[in-house]
Amino acid sequence: MRSTFQVKTQQKVEIINITPQVQEAIDVSGVAEGACTIYVPHTTASILIQENADPNVHTDLLNALDRLVPKDLPYLHQTVNKNAPSHIKAALIGPAKTVFIGEGKLLLGTYQFIYLCEFDGSRDRQVWLRIVSDEPR
Ligand code: ZN
């Protein structure tokens, strides 16, 4: 089953918890055992699975990405918004993750949530889900 939802980002760079929307789509699908792939059809946003307890982890991650991907390198991608660093950060985190489903629930670790990473906001982002059941139809 395919499902889509929208996320309206507010900041240039932010990490947004989308775990509730993903679980809701799984609830609607009725899939009890299987897997869910979470994907963004964007080149400056990503899907991340990370710590949900200490928000400093998100700040540390964003600060480390700023060090890894400096704003002032001689980038060749010189569009109006000069967003080469946004593309590179999105490439490093990646556009998709897959999570197993058990007894109708996302099988995440205690400290794991699913996040959309915005690297070039604010924008309207789409999240595409593919929910696959282990059970034959
Ligand atoms: Zn660009």
Side-chain angles (χ1 to χ4, degrees):
M1 167 187 174
R2 281 188 293 165
S3 179
T4 301
F5 61 89
Q6 318 280 330
V7 177
K8 185 159 184 53
T9 65
Q10 308 289 337
Q11 312 291 327
K12 171 77 174 173
V13 174
E14 63 182 315
I15 296 179
I16 298 170
N17 178 21
I18 59 168
T19 314
Q21 294 98 311
V22 176
Q23 182 59 58
E24 186 182 329
I26 291 167
D27 294 345
V28 169
S29 78
V31 170
E33 299 293 325
C36 177
T37 297
I38 306 106
Y39 175 89
V40 279
H42 304 293
T43 58
T44 56
S46 296
I47 298 296
L48 171 73
I49 296 174
Q50 251 310 328
E51 164 104 13
N52 61 24
D54 181 1
N56 286 327
V57 172
H58 299 179
T59 305
D60 287 343
L61 175 64
L62 294 176
N63 287 341
L65 285 171
D66 278 340
R67 290 278 194 97
L68 284 170
V69 187
K71 289 188 173 88
D72 56 356
L73 290 183
Y75 295 112
L76 301 178
H77 179 67
Q78 291 290 343
T79 51
V80 177
N81 54 0
K82 300 194 186 327
N83 63 355
S86 308
H87 288 286
I88 294 166
K89 290 174 185 176
L92 288 171
I93 304 294
K97 298 286 182 291
T98 296
V99 180
F100 303 137
I101 300 165
E103 298 178 353
K105 299 294 175 203
L106 286 162
L107 294 180
L108 291 165
T110 304
Y111 297 108
Q112 289 182 319
F113 273 178
I114 304 163
Y115 296 96
L116 181 144
C117 296
E118 174 61 79
F119 293 117
D120 198 27
S122 59
R123 293 177 188 249
D124 290 320
R125 298 301 197 177
Q126 287 192 61
V127 180
W128 293 355
L129 304 176
R130 185 79 183 194
I131 301 165
V132 178
S133 175
D134 291 350
E135 311 294 322
R137 285 179 178 246

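Numbers here are sequence positions counted from 1. As the structure lists them, so they are numbered: ligands from 1, and atoms in each ligand from 1.
At a threshold of 4.5 Å between non-hydrogen side-chain atoms, the residues Ile15 and Leu62 count as touching.
Note on the Zn ion (ligand 1): protein N/O/S atoms under 2.8 Å are His77 NE2, Asn83 OD1, His87 NE2.
Residues satisfying the side-chain contact (heavy atoms from CB on, under 4.5 Å) criterion with Pro74, sequence neighbours excluded, are absent altogether.
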Using residues 90-115 as the side-chain source, report each donor-acceptor pair under 3.5 Å to any protein atom, sequence neighbours left out, with the distance given to one decimal.
residue	atom	partner	partner atom	Å
Lys97	NZ	Ile47	O	2.8
Lys97	NZ	Ile93	O	2.8
Thr98	OG1	Thr37	OG1	2.8
Gln112	OE1	Gly109	N	2.8
Tyr115	OH	Glu51	O	3.0

**Message:** Please determine whether side chain to side chain contact (heavy atoms under 4.5 Å, CB included) holds for the pair Val7 and Val40, giving the CA-CA distance in whole Å, both sets of side-chain angles, and the decisive distance to 0.1 Å.
**Reply:** CA-CA 10 Å; Val7 177; Val40 279; over 6 Å; no
**Item:** Residues Val132, Val31; criterion side chain to side chain contact (heavy atoms under 4.5 Å, CB included); working and verdict
**Value:** CA-CA 7 Å; Val132 178; Val31 170; over 6 Å; no
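Through ILVMFWY side-chain contacts below 4.5 Å, Val80 is grouped with nothing and stands alone.
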